[in-house]
Protein chains: 2
Amino acid sequence: MTNIKDLAKMAGVSVTTVSRVLNEHPYVSEKKRMAVLEAIKATNYHKNINAVHLSKGNTLLMGVVLPFTGHPYFASLLKGIARIALEHDYKLVLFQTDYLESRELDALLMLKEKQIDSLIICSRACSLATIEEHLHYGSIVLCENIKREQISTTFVNHYSVFFEALEYLYQKGHQKIGYCIGRRSGSSSKKREQAYKDFLVKYDLHFRPEYIMDNCLYVEDAEKIIKELKTMEVPPTALLVTNDQIAAGVVTCCHNEGIAIPDELAIIGFDNQPIAKMMNITTIDIPHEQMGENLFLQAVGEEISHTEVKVKLIERGTV
Amino acid sequence: MTNIKDLAKMAGVSVTTVSRVLNEHPYVSEKKRMAVLEAIKATNYHKNINAVHLSKGNTLLMGVVLPFTGHPYFASLLKGIARIALEHDYKLVLFQTDYLESRELDALLMLKEKQIDSLIICSRACSLATIEEHLHYGSIVLCENIKREQISTTFVNHYSVFFEALEYLYQKGHQKIGYCIGRRSGSSSKKREQAYKDFLVKYDLHFRPEYIMDNCLYVEDAEKIIKELKTMEVPPTALLVTNDQIAAGVVTCCHNEGIAIPDELAIIGFDNQPIAKMMNITTIDIPHEQMGENLFLQAVGEEISHTEVKVKLIERGTV
DNA sequence: ATAAAATATGAAACGCGTTTCAGAGCAAGA
DNA sequence: TCTTGCTCTGAAACGCGTTTCATATTTTAT
């Protein structure tokens, strides 16, 4: 395999000059430049990028940590990241964690070992302390509502979003409101739960633990939700659903089971995915792609910032 | 930043010995090993992985080229790849191409420059010749039904699958069958089209160009499909739909428009996604995750192979 | 007891592009 | 004319871990 030294010999110049040509530095005479370019063409030369990485100390590789890629929420985030990464000549290294801390540690290790320049953690299982330990190896950005001095974040204020959704349902006459959630231990789920509890207190409503349904991650969990609803003596009249995909599943199930929407059960989804529009599901628009872009920019940028993204209730037919 | 040389000095050994300890080579005395380990602990040392890459000539990085990550078909493929990559200590570099050849060339360039060891191309826009030019830089595997000596492939026989689906519909009494497709110029689409034409010939059916609907990639394209159907003087009585997501959209639209399924319009989806089960859509099960795994194994393996995966018609309520 | 094999260790070469530094040549401004 | 200040060039150092080779010391086998 040809290397820069060979080129130098062929073109009758120094390796420095070859490097200059390769990197389009000025201060190379046209004559030598041509000689080098010819040598490059003749040998079909290309850089060994690993040598470049070693030398420069960076790789233009950005790590992206997410639990699942198939999940529409993360897919949209990833799409946004990918689009802007392209513009900035970054490539993405994917860490699909399934919420296993060990996989996140893999990513942090790669940062430490300089294989990636920075890291976007879309959803986190490891502790903040662990992340902070790795901050000086490269920038790490998070997609959650926390404000540390050293860590940039882009987030949805799940507390207020959830609270507003609940208020909306209350205004529509609902007092028995349940919700389902992907992973109750997650940081945004906790904010939602807090909002839920505060809402109940505000309107002096009774707390029914069975109204919170955990582990609703996939379309197929919709069946589980409806089944559970049917076992309840006092079922909720409205449901906030993890996301639109699952909301679509719930709507379909209700259809199958003869539950009228919104009369017997009102539904609000999250994310404003195409399926929600198609099935006329009331939902909350969250600009995921834009969030992805922002995360990327924070990761490559110098300053620390905390960006709260704006969301919007989309009123449709399921409330 | 500490390096291996510093460690050697601290531990009073040679860099070779340090390297041996780091890589768990045998032939290091317990005493020296301990000394090195202590130095490592004291300095919080970690390898500069780029130096390792340069030295070893590989990166344990696998490129994955796909047009969109959000698309359920590619998401499943990716999921399969990710799972097995983890087992093999490989990390994935994602190339989201949007079917732009330039992005695929990016990936091929990374292979050439040794930043990735091998490349899985899930869907291709560039020419086979271009791919073949890059084969000696690392292995490249494809996810389509072609059989070149140098390129491993894992594929669905879209021709026979499509043909069988058409036969199934024919047996059910359908003679006016349309289909929609993601990207008509794609290689699998061409096989489907051939199957479609051969089917028409076999049963002496009339070819109606409007029965082939191109560019159906997302759920929201379902509306377009139904709209088009309604403009036809002789609309098809059955539709093979790109995938289950879109099929779900079509079913929903038909619902909205009062088109009875399967009586007025029969539907067959592809992929056997959860949504199809939920909505009771007849579909064709394609083991994407398994395909992903196989692609990965082919990419890291030595021999060239061509694997045809088995698919299965899942009879449900839309035919 | 002696040859053969295994264990242990380090110097040096290797992978390869980038960057700093020193210096030469030449033109523009004082 | 002399001083700046560009333009152009290359030697050498740098980033850093791996691997080969030569050598020395022990063990094991015969």
Side-chain angles (χ1 to χ4, degrees), chain A residues 1-37 39-40 43-61 89 109-117 137-138, chain B residues 1-37 39-40 43-61 89 109-117 137-138:
Chain A
M1 207 108 290
T2 323
N3 61 30
I4 203 175
K5 220 165 155 183
D6 300 329
L7 288 184
K9 206 174 292 172
M10 288 180 65
V13 300
S14 69
V15 294
T16 315
T17 298
V18 176
S19 178
R20 287 200 183 96
V21 173
L22 289 172
N23 295 289
E24 294 175 5
H25 277 302
Y27 300 162
V28 179
S29 66
E30 202 51 29
K31 208 165 128 188
K32 301 212 169 182
R33 180 188 307 281
M34 293 315 282
V36 171
L37 289 176
I40 289 173
T43 56
N44 187 27
Y45 168 83
H46 51 90
K47 291 188 195 182
N48 179 329
I49 208 80
N50 292 130
V52 178
H53 294 331
L54 172 59
S55 188
K56 291 218 179 172
N58 68 8
T59 57
L60 294 181
L61 239 39
D89 274 324
L109 182 64
M110 264 179 83
L111 191 67
K112 195 170 177 178
E113 290 181 336
K114 290 168 150 299
Q115 190 165 11
I116 54 180
D117 291 350
Y137 299 117
Chain B
M1 207 108 289
T2 323
N3 62 30
I4 203 173
K5 220 164 154 184
D6 300 330
L7 288 184
K9 205 173 292 171
M10 288 179 64
V13 300
S14 70
V15 294
T16 315
T17 299
V18 176
S19 177
R20 286 200 183 96
V21 173
L22 289 171
N23 294 290
E24 295 176 3
H25 277 302
Y27 301 163
V28 179
S29 67
E30 201 51 31
K31 207 165 130 189
K32 301 212 169 183
R33 179 188 307 281
M34 292 316 281
V36 172
L37 289 177
I40 289 173
T43 54
N44 188 27
Y45 169 82
H46 50 92
K47 291 188 195 181
N48 180 328
I49 208 81
N50 292 130
V52 178
H53 294 331
L54 172 59
S55 188
K56 291 217 181 173
N58 68 7
T59 57
L60 294 181
L61 238 39
D89 274 324
L109 182 64
M110 266 180 81
L111 191 67
K112 195 170 176 177
E113 291 181 335
K114 290 167 152 299
Q115 190 165 11
I116 55 179
D117 291 350
Y137 299 117

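Each chain gets a letter, A, B and so on, in the order its sequence line appears, and its residues count up from 1.
With rounding to whole Å, A:Lys5 atom NZ is found 12 Å from D:dA11 atom C1'. Summarising the geometry, the separation between NZ on B:Lys31 and C1' on D:dT25 is reported as 14 Å, rounded to the nearest angstrom.
Toward the 5' end of DNA chain D, the nearer of the two residues B:Asn23 and B:Leu54, judged by each one's closest nucleotide, is B:Leu54. With the nearest nucleotide of DNA chain C identified for both A:His25 and A:Asn48, A:Asn48 has the one nearer the 5' end. Projected onto DNA chain C by closest heavy-atom contact, A:Leu22 and B:Pro26 fall at different nucleotides, the more 5' of which corresponds to B:Pro26.
An OP1 or OP2 oxygen of D:dT9 is reached within less than 4.0 angstrom by no side-chain nitrogen or oxygen of A:Ser14.
Summarising the geometry, atom NZ belonging to B:Lys114 is positioned 9.0 Å from atom OG1 belonging to B:Thr59; distances are rounded to the nearest 0.5 Å.
Interface limits on DNA chain C: the 5'-most and 3'-most nucleotides within less than 4.0 Å of chain A heavy atoms are C:dC16 to C:dT20.
A:Thr16 comes within contact range of at least one nucleobase, with a heavy-atom separation under 4.0 Å. At a threshold of 4.0 angstrom between heavy atoms, the contacts of A:Val28 are confined to the sugar-phosphate backbone, with no base atom among them. Contact annotation for B:Ser19: base contact, defined as any heavy-atom pair under 4.0 Å involving a base atom.
A:Leu7 approaches A:Val18 most closely through the heavy-atom pair CD1-CG1, 3.8 Å. A:Ala8 and A:Ser14 make their closest contact through CB-C, 3.7 Å (heavy atoms, listed as atom of the first residue, atom of the second, distance).
Side-chain atoms of A:His46 and A:Met1, non-hydrogen and from C-beta on, do get closer than 4.5 Å to each other.
With sequence neighbours excluded, the residues that form a salt bridge (Lys or Arg N to Asp or Glu O under 4.0 Å) with B:Glu30 are B:Arg33.
Shown are A:Val13, A:Thr16, A:Ile4, A:Leu37; of these, the side-chain contact (heavy atoms from CB on, under 4.5 Å) with A:Val21 is made only by A:Leu37.
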